[in-house]
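To keep things clear, I will list the structure first and then write my remarks on it.
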Amino acid sequence: MSIIVFFWWMSGILSIGVCFWAIVAQSGWLSLLSAVLFMPIAYYFGGAENAFQLIGWLPLLPLVMATVFFRKKRRSKSDM
């Protein structure tokens, strides 16, 4: 197995794990990290000429989650 393929798979696995951890902890920073870790996979599938091209849009989910978590945290601080 090539080292590049190994890192590609590890970025995907880590992205899913960090995304799950971000949901449990409701952390915006972990959501951003998950989106960054998923970028190589999104870039690869973004060049596809079929339905796999939609995988390139998946990093938007953690970015939206990060926005929600940051706004929720800011709103809870302003209520105090």
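The analysis underlying the following values was restricted to heavy atoms, covering all of them including side chains, and did not include hydrogens, waters or symmetry mates.
When every heavy atom of L30 is checked against every heavy atom of A22, the shortest pair comes out as CB-CB, 3.5 Å. The shortest non-hydrogen separation linking G28 to F69 is N-CB, 3.8 Å.
Note on W9 and L37: separate hydrophobic clusters, where clusters join Ile, Leu, Val, Met, Phe, Trp and Tyr whose side-chain heavy atoms are under 4.5 Å apart, directly or indirectly. L14 and F6 end up in different hydrophobic clusters when Ile, Leu, Val, Met, Phe, Trp and Tyr side chains are linked at under 4.5 Å. Residues W57 and L32 fall within the same hydrophobic cluster, defined by Ile, Leu, Val, Met, Phe, Trp and Tyr side chains chained together at heavy-atom separations under 4.5 Å.
The side-chain contact (heavy atoms from CB on, under 4.5 Å) test with F20 is passed by exactly one of I16, I23, V24: V24. Partner of L63 under the side-chain contact (heavy atoms from CB on, under 4.5 Å) criterion, out of L60, L61, T67: L60 alone.
Between the OG atom of S11 and the CE atom of M39 there is a distance of 11.5 Å, given to the nearest 0.5 Å. Separation of atoms CH2 (W8) and CD1 (I13) is listed at 10.0 Å; rounding is to 0.5 Å.
The shortest distance between side-chain heavy atoms of P62 and F38 does not fall below 4.5 Å. Between L33 and W21 the shortest side-chain heavy-atom distance does not fall below 4.5 Å.
Listed by chain and residue number, nothing satisfies the ring-ring contact (aromatic ring centres under 6.0 Å, His included) test with Y43 (two or more places apart in sequence, or in another chain). Judged as a side-chain hydrogen bond (donor to acceptor under 3.5 Å, both in side chains), and not counting sequence neighbours, the contacts of Q26 are K72.
W29 and F70 have perpendicular rings, their planes meeting at more than 60° on a 0 to 90° scale where under 30° would count as parallel.
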